[in-house]
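Below is one structure, written out as structure tokens; the observations come after it.
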There are 2 protein chains.
Amino acid sequence: MPVPEPVPESAPDRKPRKDATRNRAAALVAADRLFAHCESPESVTMADIAAAAGVGKATLFRAFGDRTGLIHALYAARLEPVARAIDEGPPPLGPGTPPLLRVPALLDAVLCFKLDNRHLALALEGIGGDSPYQAEHYRRWHGTLRAVLERIPGLTGADFTAHALLAAVRADLVEHLAGRQGLPRERMRADLTAFTAKVLSEGAASS
Amino acid sequence: MPVPEPVPESAPDRKPRKDATRNRAAALVAADRLFAHCESPESVTMADIAAAAGVGKATLFRAFGDRTGLIHALYAARLEPVARAIDEGPPPLGPGTPPLLRVPALLDAVLCFKLDNRHLALALEGIGGDSPYQAEHYRRWHGTLRAVLERIPGLTGADFTAHALLAAVRADLVEHLAGRQGLPRERMRADLTAFTAKVLSEGAASS
DNA sequence: ACAAGAAGCGGACCCTCGGTCCGTATCGTA
DNA sequence: TACGATACGGACCGAGGGTCCGCTTCTTGT
């Protein structure tokens, strides 16, 4: 039977309806507020978010798939400016920066981002079950950092080094030091920068 | 009224009944097996453990308080030999070791422990809600490592450095590299040792 | 402008899982 | 052996993620 499908080609999804996009945005805003004010990320339930957004629970799941998807979407929205600054911004974050300068800048950017979005980052990394290492965002950070590290002459094991450096800015560690122990922001940034410098110091320790 | 309590002193708990200790042991054995064979730590439920141990669920909770307590007990049992080797064993792990040698030895020990008890460590650190940084075990590792680092002349920021180094052997990172990406054990140990050396190289880089 | 049908809505509902309750069985002891 | 204390265990509960389905709202062809 010649089913007259118009265009079943590679774009099976048409643009969503107006109310759908509006609800999606409302959900993101509500979730953002809830995560920002909550005590711990898991005290924010999907039902809470739905209620705060004035929306049914099913709408959340339709829009984001599951809780993980919602958190990812939130995270991506917050992260976007930082990601742009890294991909196409000016030094010291952007591409045209000497590796020995760019590595500490990248890590400082990650640290500041997590300090500014503590609960959200905590929610993302604290998702039980699948580790944060399978998340798209992590692969991106790691890929970028590794690429920069590989351009440093004399430095070996760039892949593991990138993992280890990123581990130093894990959300729960940041939360523990900055939140629980009250370590001041600038102190933590300084500590991280000093640590990074130590890691990079071997071989090319000139300045 | 002269209540003739024999010894109500600082030990209000008498020794447990025979079946209680037996059941506790059975639970630990069963849980150990389940965690060792499972796909992901949260696929092991308390009901599973109870069934595998041939015991009622309530018995588990009576013996360990909650799921966290059970995992902690398991972890502690596994960790005990390593902890003894660190506290009172021979070099290079034990106390009488020069700091520059002991730090990599400590980290290697942690890494090997997590490689050998991957699922268990993953279960412990992956406990949603409270971060691993509030766990007794972590404070111990961190305290020990920091103390050793502080004895290295010229090294600053021992506290943060200890956190950062321990972050490099987080259970989920180990699982990601060794388990998911198939990185060989010896390769990972070498990478970690090289990274540690870099961190320690500044200032006292003589040998 | 209007009707038809697709897309979306929402809250009642289900399921799993950690944790508790309480009647019953077992242990330790006089 | 008898009696109190302790432990047992499975039915039960509440919370939270995720789904179902009858109803509403948007879009589009004419």
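Below, each value reflects all heavy atoms present in this structure, side chains not excepted, and no hydrogens, waters or symmetry copies. Convention: sequence-line order gives letters A, B, ...; per-chain numbering from 1.
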Would you mind reading off the distance between [X] atom [atom1] and [N] atom [atom2], rounded to a whole angstrom?
| X | N | atom1 | atom2 | result |
| --- | --- | --- | --- | --- |
| L60(B) | dG10(D) | CG | C1' | 13 Å |
| R17(B) | dC27(C) | CZ | C1' | 4 Å |
| D19(A) | dA6(C) | CG | P | 17 Å |
| I49(A) | dG10(C) | CD1 | P | 15 Å |
| F61(B) | dC12(D) | CZ | C1' | 13 Å |
| D66(A) | dG16(D) | CG | P | 17 Å |
| K15(B) | dA5(D) | NZ | C1' | 15 Å |
| E42(A) | dC17(C) | CD | C1' | 14 Å |

What's the closest nucleotide to the [X] side chain, out of [options]?
| X | options | value |
| --- | --- | --- |
| P16(A) | dG19(C), dG8(C), dG10(D) | dG8(C) |
| V55(A) | dG10(C), dT26(C), dT25(D) | dG10(C) |
| M46(A) | dG17(D), dT6(D), dG28(C) | dG17(D) |

Quick one: does [X] reach the base of [N] with a side-chain donor-acceptor pair under 3.5 Å?
| X | N | result |
| --- | --- | --- |
| R22(A) | dG8(C) | no |
| R62(A) | dG10(C) | yes |
| K57(B) | dG19(C) | yes |

Can you check whether N23(A) has a side-chain N or O nearer than 4.0 Å to OP1 or OP2 of dG8(C)?
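N23(A) to dG8(C) OP1/OP2: no side-chain N or O under 4.0 Å.
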
If the cut-off is 4.0 Å, is T59(A) near the phosphate of dG10(C), judged by side-chain N/O to OP1 or OP2?
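So the side chain of T59(A) is within the cut-off, an N or O lying under 4.0 Å from OP1 or OP2 of dG10(C).
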
Taking the six-membered ring for Trp and the full ring for Phe, Tyr or His, determine whether the centres of F195(A) and H163(B) are under 6.0 Å apart.
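Between H163(B) and F195(A), which both carry aromatic rings, the centre distance is not below 6.0 Å.
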
Would you confirm whether the ring centroid of H137(A) sits within less than 6.0 angstrom of the ring centroid of H72(A)?
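For H72(A) and H137(A), the ring centres are under 6.0 Å apart.
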
Check every strand shown and say whether A58(B) touches a base, only sugar-phosphate, or nothing at a heavy-atom separation below 4.0 Å.
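Result for A58(B) = base.
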
Using a 4.0 Å heavy-atom cut-off, does R67(B) contact any base of the nucleic acid, only the sugar-phosphate backbone, or nothing at all?
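Answer is sugar-phosphate: R67(B) comes under 4.0 Å of backbone atoms only.
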
Close side-chain approach of I152(A) to V103(A), heavy-atom, < 4.5 Å
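I152(A) reaches V103(A) side chain to side chain.
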
Would you tell me whether T21(B) and K15(B) have side-chain atoms, one donor and one acceptor, within less than 3.5 Å of each other?
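The answer is no; no qualifying pair exists.
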
Need to verify one output field. Residue with the more 5' nearest nucleotide on DNA chain C, G65(B) or G56(A)?
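Comparing both residues, the 5'-ward one is G56(A).
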
After noting the C-alpha distance and the side-chain angles of R78(B) and D116(B), does the key distance pass the salt bridge (Lys or Arg N to Asp or Glu O under 4.0 Å) rule?
CA-CA 10 Å; R78(B) 291 279 197 163; D116(B) 292 335; over 6 Å; no

